[in-house]
Q: 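I have a structure here, written as C-alpha cells, and I will follow up with some questions on it.
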Amino acid sequence: MRNAVQILDRHGNPMPAPRRRAASDTSYDGASMTSRELASWQVLATSADAELLPELSTLVARSRDLSRNNGIAASGIQAILDNVVGVGLRLSSTPNYRALGKDKAWADAWADAVEAKWRAWAETTDCDAARTLNFAGLTTQVARAGMLNGEGLALPLWLPSRDRKYATCIQLVEADRLSNPLGQQDSATLRGGVEIARYGAPRAYWVRNSHPGDLLTWDPGLYQWTKVPAFTHWGRRQVIHVHDRERTGQNRGKPLLSSVLAQFKTLDHYSKAELQAAVVNAMIAAFVKSTESIDDLKELFGGPDEYLAARAEHAVRLKAGAVLPLFPGDEVQPFTPARPAAAFDAFTKSVLRHISAGLNIPYEILMKDFTQTNYSSARAALLEAWRFFNGRRQWLGAYWASPVYELWLEEAVNLGEVEAPDFYQNRYAYSRCRWIGAGKGWVDPVKEAQAAKLRIEIGVSTLEDECAEQGKDWRETAEQRASEAAFLRGLGLPVPWEQNAHVPTSGAQANQTGDE
C-alpha cells in the first residue's frame, strides 16, 4: 500500500491534513442543497428569453384580467399613469448648441420655433395613423401597454395626405401580434417575433396581420405575418419597441404585475370569501331553541315531525317593536356573527404593503389612503414614489417620445419647416430634448414654495427645474407673467410679485437694510 503524501510547511514541519468538508456545508447558506428549508428549492439558471418567452402570454393575460376585475390593481396602474404621464408629455427642446457651434440665444430661438411646429402636429390627431388620438393619447396607451403587456409596440408610417402637412404618423400595434411566423420555434436569431443580428441588435420584427385573440370575426391575416425591418437603409426608424431590458439578451418585456400576481389573486379570493361569509351571517337574525323533550313534543304536537311542520307554518316577521309569540319551551338566542374576522384588516394591509413594494409605489398611493400619515411620513412616501415616477418618465421619454420627435423633426427639416444644416450628421445634437410630465404637487404649499425659492436663490436649482417639477414650461410661465404684469400696469394696478419682492421677510432683514 502506498504511503500518503505528507505536506510540509516552509520550515519543513508537517502540516495537518485538511479537514474534509461535510456534504451539507456550503460557502453560502443560500446555496445549500441539504437544509430542510432549501432542499426543494431547485431552480435552473436559464437565459432571459428562456425564462420569459414561454410564459409571457400567461403573464400578460393574467395582468389584464386583474386590471379589469380587481379594483386595487386598476388603482395601482392608474396611479402610475397619472404621475408618470398625466395629461401627456410636453416637449422641451434643448439642442446641443455647443456641438453645433452655436450659442445659447440661437438655441432658445430655435427651440421656440420647433416646439410651436411640434405642437401643431402632436396636439392634433394627425400624428395617429388611425386619426383618433393625439400624441398625449398615444403616450398614455404606450405607457399602459408597457405596464400590462410589458412592452409597447408602434410602427412609424409614411402616409402622405392633402389635408395634413406631415406624412409621418404612428400606428400602435398590440404586442400580442409580435410573434414568430407560423409558430416557429425560437432560435438564435429569432426570439418572440424579434429577428436579432449577430451582436443582439434587433434587425427586423415579425408582426401578425391580425390579433390572434380576435374572436369577433375571422380574418385571413390571422395566419399571415409581415416582416418589418427595424430601420430603413438610410437609418430612419421603422419600429418603436418600448420595453425594459432587465437582463442581457432579453428581447421582450415583462408585465409590471408579474411579481405580485399570486398575492393579488390570493387576496382577491380571501376578500371575496370574507365578504360572502359576512353577507350570509348578516341574513341570520336569531335562533329559536326548544328545551322540550321528545316526550313533551309528542304530547303537545304528536311527534317531532308534527312539531317541525307547525314551526314551518308559524310565520313570524322580525321588525321594530315586534312581539314574538313562541311555542312552549322555546327560547330566542341572538346570533353573533364572527365575520369579518378580527384580523382581516391587519392581514389585508400586510399583503397590500407587500404588493405596493412589488409595484414600487407606497401603500398610501396604492390605496389612496393617507389617514394614518402625518406631513413628514406623507412627504417621505411621496419623495420615494417620485424617484420611481421620474425614472419611468425618463424611460418613456427616451424610448418612446424622443424617437417619435426625431422622426417628425427629420421630415420637418426635409420640408424646409425647420432650419437644421447637416441634420443627418448631427441628428442627436438637433433632436436632443427633455420631456415635462405631470406636476409633482405639494403636501404643504407654503413650505415647499419657500423651499423652491430658497433653492433658486442659493443656486442649486433653476426656474426651468422648478417649473418642470410642477409640469410647467418655464418660458411659457415667464411670458405669461410678463403679459399679466403689462396688463395690470396698463390698468394702473400694482403687480403683486413686484411689490412682494421689496418687502423684507423678517425684522433682521429690515434692520440690515436700514443699516446699509
Side-chain angles (χ1 to χ4, degrees), residues 56 60 81 84-85 88-91 118 121-122 125-159 166-179 191-197 200-209 211 225-246 250-256 392-413 424 427-428 430-435 437:
L56 179 59
V60 170
L81 275 177
V84 173
V85 180
L89 299 181
R90 298 184 50 170
L91 171 67
W118 160 264
W121 180 76
T125 58
D126 288 351
C127 61
D128 183 12
R131 291 198 168 187
T132 56
L133 298 173
N134 58 14
F135 184 68
L138 295 175
T139 301
T140 301
Q141 275 206 355
V142 169
R144 184 182 292 274
M147 288 186 283
L148 293 181
N149 304 339
E151 55 197 341
L153 187 65
L155 303 179
L157 303 180
W158 186 267
L159 300 177
Y166 303 101
T168 300
C169 55
I170 307 298
Q171 180 187 16
L172 295 185
V173 177
E174 190 82 69
D176 298 2
R177 293 171 56 186
L178 183 61
S179 58
R191 300 287 181 91
V194 182
E195 191 174 311
I196 55 180
R203 182 166 52 194
Y205 295 81
W206 289 89
V207 181
R208 206 166 190 162
N209 290 359
H211 195 285
W225 279 258
T226 299
K227 181 181 179 180
V228 184
F231 295 91
T232 63
H233 66 275
W234 65 89
R236 182 176 173 84
R237 188 185 298 270
Q238 295 195 106
V239 178
I240 301 176
H241 188 203
V242 186
H243 70 287
D244 269 329
R245 284 199 170 203
E246 298 180 352
Q250 180 178 335
N251 291 286
R252 299 290 298 270
K254 182 186 73 175
L256 177 65
R392 289 289 84 191
R393 183 179 298 167
Q394 292 181 14
W395 169 80
L396 189 63
Y399 295 103
W400 156 251
S402 291
V404 173
Y405 169 59
E406 183 179 324
L407 290 166
W408 169 86
L409 183 61
E410 179 186 8
E411 183 181 2
V413 171
Y424 289 100
R427 186 193 299 263
Y428 167 74
Y430 281 112
S431 59
R432 182 171 175 263
C433 63
R434 63 184 296 188
W435 297 93

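Remember, it's a predicted structure, so these values are computed and weren't measured experimentally.
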Q: Hey, what do you get for NZ (Lys254) to NE2 (His243), rounding to the nearest 0.5 Å?
A: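 Nearest 0.5 Å value for the NZ-NE2 distance: 12.5 Å.
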
Q: Ignoring hydrogens, what is the shortest heavy-atom contact between Asn209 and Arg177? Give both atom names and the distance.
A: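 Heavy-atom minimum between the residues: O-NH2, 3.5 Å.
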
Q: Could you tell me the separation between the NZ atom of Lys227 and the CZ atom of Arg203, rounded to the nearest 0.5 Å?
A: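 Between atom NZ of Lys227 and atom CZ of Arg203 there are 6.5 Å.
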
Q: Mind checking the SG-CG spacing from Cys169 to Leu138? Nearest 0.5 Å is all I need.
A: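 These two atoms lie 10.0 Å from each other.
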
Q: Less than 4.5 Å apart, side chain to side chain, heavy atoms only: is that true for Glu151 and His241?
A: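 Contact flag for Glu151/His241 side chains = yes.
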
Q: Minimum heavy-atom separation for Trp400 and Thr139, please, with both atom names.
A: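 For Trp400 versus Thr139, the nearest heavy atoms are NE1-OG1, 3.1 Å.
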
Q: Would you name the heavy atoms of Val207 and Val228 that are closest together and state the gap between them?
A: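 For Val207 versus Val228, the nearest heavy atoms are CG2-CG2, 4.4 Å.
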
Q: Does any N or O in the side chain of Arg131 come within less than 3.5 Å of the main-chain N or O of Thr125, such that one atom is a donor and the other an acceptor?
A: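 Not confirmed, Arg131 side chain does not pair with Thr125 backbone.
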
Q: Are any non-hydrogen side-chain atoms of Val242 and Trp395 less than 4.5 angstrom apart?
A: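 Yes, at least one pair of side-chain atoms sits under 4.5 Å.
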
Q: Which heavy-atom pair separates Arg236 from Trp158 by the least distance, and what is that distance?
A: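 Residues Arg236 and Trp158, closest heavy atoms: NH2-CE3, 4.0 Å.
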
Q: Evaluate the side-chain contact (heavy atoms from CB on, under 4.5 Å) criterion for residues Val85 and Arg144: first the C-alpha distance (whole Å), next the side-chain angles of each, then the deciding distance (0.1 Å), finally the verdict.
A: CA-CA 10 Å; Val85 180; Arg144 184 182 292 274; over 6 Å; no

Q: Is the shortest heavy-atom distance from the side chain of Thr226 to the side chain of Trp206 under 4.5 Å?
A: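 When only atoms from C-beta onward are counted, Trp206 and Thr226 do not touch, as no gap falls below 4.5 Å.
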
Q: Between Cys127 and Ile170, is any pair of side-chain heavy atoms under 4.5 Å apart?
A: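 Not in contact.
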
Q: When you compare the side chain of Val239 with that of Leu155, does any pair of heavy atoms fall below 4.5 Å?
A: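 They are in contact (side-chain heavy atoms under 4.5 Å apart), so the answer is yes.
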
Q: What's the spacing between Arg434 CZ and Leu89 CG if we round to 0.5 Å?
A: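 So the CZ of Arg434 and the CG of Leu89 are separated by 12.0 Å.
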
Q: Which heavy-atom pair separates Tyr430 from Tyr405 by the least distance, and what is that distance?
A: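 Distance-wise, the nearest heavy atoms are O-OH, 4.1 Å.
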
Q: Quick one: does Glu411's side chain have a donor or acceptor within less than 3.5 Å of a partner on Tyr166's backbone?
A: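 No: the side chain of Glu411 does not pair with the backbone of Tyr166.
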
Q: Which heavy atom of Pro403 sits nearest to which heavy atom of Arg237, and what is that distance?
A: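 Looking at all heavy atoms of both residues, the shortest contact is CB-NE, 3.8 Å.
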
Q: Between Arg252 and Leu178, is any pair of side-chain heavy atoms under 4.5 Å apart?
A: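 A side-chain contact exists here, since the closest heavy-atom pair is under 4.5 Å.
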
Q: Determine whether Glu410 and Tyr424 satisfy the following criterion, side-chain hydrogen bond (donor to acceptor under 3.5 Å, both in side chains), listing intermediate values before the conclusion.
A: CA-CA 8 Å; Glu410 179 186 8; Tyr424 289 100; 2.8 Å; yes

Q: Are the side chains of Ile240 and Leu407 in touch, meaning some heavy atoms are under 4.5 Å apart?
A: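 Yes; the side chains approach each other to less than 4.5 Å.
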
Q: If we ignore hydrogens and angles and just use 3.5 Å, is the side chain of Asp128 paired with the main-chain N or O of Ala130 as donor and acceptor?
A: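 Pair found, side chain donor or acceptor close to backbone of Ala130.
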
Q: Taking it one step at a time, do Ser431 and Ser402 satisfy side-chain contact (heavy atoms from CB on, under 4.5 Å)?
A: CA-CA 8 Å; Ser431 59; Ser402 291; over 6 Å; no

Q: For residues Arg208 and Val173, determine if any side-chain heavy atom of one lies less than 4.5 Å from a side-chain heavy atom of the other.
A: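 Of all side-chain heavy-atom pairs linking Val173 with Arg208, none is under 4.5 Å.
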
Q: Rounded to the nearest 0.5 Å, how far does CG of Leu157 lie from CD of Gln171?
A: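 Result: 5.0 Å between the selected atoms.
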
